[in-house]
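What follows is a short report on a single structure.
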There are 2 protein chains.
Amino acid sequence: MTRRHLNVAQPGDPALAIFGVKDSRSQHGSADELLKVGALAKSTGKTVRAIHLYEDLGLIESKRRSKGAYRLFNRDTEVRIHWISKMQSIGFSLSEIQGILKDRVVADSAHRTAEELQTFYEEQLIAVRAKLAELKSLEGELAASLNYLETCTTDCGDDHAVSECQECSTQTSNRVPDLVRGARLD
Amino acid sequence: MTRRHLNVAQPGDPALAIFGVKDSRSQHGSADELLKVGALAKSTGKTVRAIHLYEDLGLIESKRRSKGAYRLFNRDTEVRIHWISKMQSIGFSLSEIQGILKDRVVADSAHRTAEELQTFYEEQLIAVRAKLAELKSLEGELAASLNYLETCTTDCGDDHAVSECQECSTQTSNRVPDLVRGARLD
DNA sequence: CCCAAACCTTACGTTAACGTGAGGGTTTGG
DNA sequence: CCAAACCCTCACGTTAACGTAAGGTTTGGG
């Protein structure tokens, strides 16, 4: 009872099934298709430790335990973990992911749950678009810098000391890309 | 001499000036325009501690110290720090940023230095484009999920238990967006 | 000249996301 | 049925990027 130090959704919470799935893949495999943690780790590219952590954080849940207390997961957990990986690689923290999953309301109302998810994903969409904008801007800056540097390496003629770049006569624009300026020291 | 535990570029390294700047802003203010750490912090939105850290990591450098050892930075450090912030917000770690700055070769050859930077930025551009692709994919998934959920909240009619979503007859597609599937529990 | 505000160095604390054993059961192929 | 391969539960270690506090010096306006 006092064992869990982490913010975990009550283990007693009914394992909510949210939004229908007509998709066939998710309905099969009732009992035998269960994975032990090692197999799950291998198939998801995560470590056993990571999977344990995710469980502690309430991000995943094992269907049941073997007689010897081995965790047994069903296949859909792979989907969940891949999703987690994706979210992570995009910049979400585990606690943010936790937030997403917790957001699946407790009240057993499909409409309310759907609305909550909608609200959440709308916010996420805005955040994602902001990140996209930033990255695009960086892409542009990188391209500009490469362009600038290209001129340096092809049009500059004889090599010279870096300090002489101060009086460069090769570059036509007087605009030095931020990524070049930023990388400079003064 | 044994005081620095961090990977710092040799303090003795000549403060390299890389690539010319015709831009007027960077040529002015010889001595009086210096900023104390507090002012720099305020103008960049960083904390004093962070700035000290950046200095220890060799990401920035104070022009000189006052008689009482106060750090005095020149204006261009603001540019550098804003650049650092941008890089961070996009997902680069301080040590990666360190890598970028270290990459400004020691050999005093403008051509070689330019080539190094080029190589580096080319890699970065690829990485950035990969991240962009991932984010775009996520954007699409979010949009699809919102679309799916929109149908739930508007076309579904009477409210019902979440578990009944399993036999949904409202959704026309049999494809449940990953972000909805991923958020489900089984 | 005086004192509050700002700065200095040193060093321990913190959150995140696992890594890495320790000590001890469980499974399973041969 | 037995050893190798897995798994379990603690629980402390680690890296990153600062936060925070302690104890002392420097600045600058009144």
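By convention in this document, chain letters (A, B, ...) are assigned in the order of the sequence lines, proteins followed by strands, and residues within each chain are numbered from 1. If you're wondering where the values come from, they're calculated on a predicted model, not measured in any experiment.
Here the shortest heavy-atom pairing between B:L132 and A:K136 reads CD2-CG, 3.9 Å.
Ionic pairing of B:E139 and A:R129 is present here: one or more N-O contacts between side-chain nitrogen and carboxylate oxygen are shorter than 4.0 angstrom.
Between B:Q124 and the options A:L138, A:L142, A:L146, a side-chain contact (heavy atoms from CB on, under 4.5 Å) holds for only A:L142.
In terms of phosphate contacts, A:Q88 brings a side-chain nitrogen or oxygen within less than 4.0 Å of OP1 or OP2 of C:dC18. Distances shorter than 4.0 Å separate none of the side-chain N or O atoms of A:Y54 from OP1 or OP2 on C:dA17. For C:dT9, the OP1/OP2 oxygens have a side-chain nitrogen or oxygen of B:R65 closer than 4.0 Å. Contact check, B:S66 against D:dT27: a side-chain N or O comes under 4.0 Å of OP1 or OP2. Within the structure, a side-chain polar atom (N or O) of A:H52 is placed less than 4.0 Å from OP1 or OP2 of D:dC8.
Pairing partner, C:dG30: D:dC1, with both Watson-Crick or wobble hydrogen-bond distances short of 3.5 Å.
Put simply, CZ on B:R49 is 13 Å from P on C:dC12, counting in whole angstrom units.
Closest to the side chain of A:Y70, from the set D:dA11, C:dT27, D:dA17, is C:dT27. Listed candidates were D:dC7, C:dC8, D:dT9. Nearest to the side chain of A:K36 is D:dC7.
Cation-pi check for A:K46 over A:F73 is not met; the charged atom does not lie both under 6.0 angstrom from the ring centroid and within 45 degrees of its normal.
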